[in-house]
Enquirer: 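Take this structure first; my questions come after.
Residue numbers count from 1 along this sequence.
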Amino acid sequence: SSGINAEWPLRPGDNGCLWFIPGSHREPATLFMNRNETNTACVFVGEKNANYEEDDKYVVAEVKRGSLVLLDGDVVHKSYSNTSDKPRNAFTFHLYEGEGADWGATNWNQPTDKGTFVELY
């Protein structure tokens, strides 16, 4: 994997915001989130495999406020709409390999004119 997602929830995770499939990082990624042609939204590109279709494979990650959640970039995960009256505030960082990494021009996470990726080492 070339990425890690780090999340620090600022509120209790009792509204079911993070769901994932245990062990899904062991399967090759087949579906990717990219920017659309007009750069106004995200779309999924690629082929769905059984992991994406079977909701019964997903488990909820109830996370306590202030906990650190680390996800391998290949872990299949999602969030459902927040139907509670509680917000879902969190600090989220996406860490990627830099030198030599193949970064697609349509990948959802891109530098902008307001800022670029920060090199950590």
Enquirer: Can you list the residues that meet the ring-ring contact (aromatic ring centres under 6.0 Å, His included) rule with F93, with sequence neighbours excluded?
Expert: W8

Enquirer: Mind checking whether Y58 and V60 sit in one hydrophobic cluster, side chains of I, L, V, M, F, W, Y counted as touching below 4.5 Å?
Expert: yes

Enquirer: Kindly write out the residues that satisfy ring-ring contact (aromatic ring centres under 6.0 Å, His included) with H94, not counting sequence neighbours, or none if the list is empty.
Expert: W108

Enquirer: State the CD1-CD distance between I21 and E27, to the nearest 0.5 angstrom.
Expert: 9.5 Å

Enquirer: Quick one: CG on L18 to OG on S79, what's the gap to the nearest 0.5 Å?
Expert: 6.0 Å

Enquirer: According to side-chain hydrogen bond (donor to acceptor under 3.5 Å, both in side chains), who are the partners of D56, at least two apart in sequence or on a separate chain?
Expert: none

Enquirer: Would you give the length of the straight line joining atom CD1 of I4 to atom CG of D72, rounded to the nearest 0.5 angstrom?
Expert: 7.0 Å

Enquirer: To the nearest 0.5 angstrom, please state how far the CG atom of N89 sits from the NZ atom of K86.
Expert: 13.0 Å

Enquirer: Return the minimal non-hydrogen interatomic distance between P9 and A90, and the atom names on each side.
Expert: CA-CB, 3.8 Å

Enquirer: Going hydrophobic residue to hydrophobic residue with side-chain gaps under 4.5 angstrom, can you get from F32 over to V43?
Expert: no

Enquirer: If you take all heavy atoms of N82 and R88, which pair is closest and at what distance?
Expert: CA-NH2, 3.4 Å

Enquirer: Can you confirm whether F20 sits close enough to V76 that some side-chain heavy atom of one is under 4.5 Å from a side-chain heavy atom of the other?
Expert: no

Enquirer: Going by the rule side-chain contact (heavy atoms from CB on, under 4.5 Å), which residues pair with D85 if we only count those two or more places apart in sequence or in a different chain?
Expert: none

Enquirer: The test is side-chain contact (heavy atoms from CB on, under 4.5 Å); show your working for K57 and S24 and say whether it passes.
Expert: CA-CA 10 Å; K57 289 186 175 184; S24 57; over 6 Å; no

Enquirer: Apply the test side-chain contact (heavy atoms from CB on, under 4.5 Å) to residues V45 and T106: give CA-CA distance (whole Å), side-chain angles for both, the deciding distance (0.1 Å), then the verdict.
Expert: CA-CA 10 Å; V45 176; T106 59; over 6 Å; no

Enquirer: If the condition is side-chain hydrogen bond (donor to acceptor under 3.5 Å, both in side chains), which residues does T38 pass it with, not counting sequence neighbours?
Expert: N36, T40

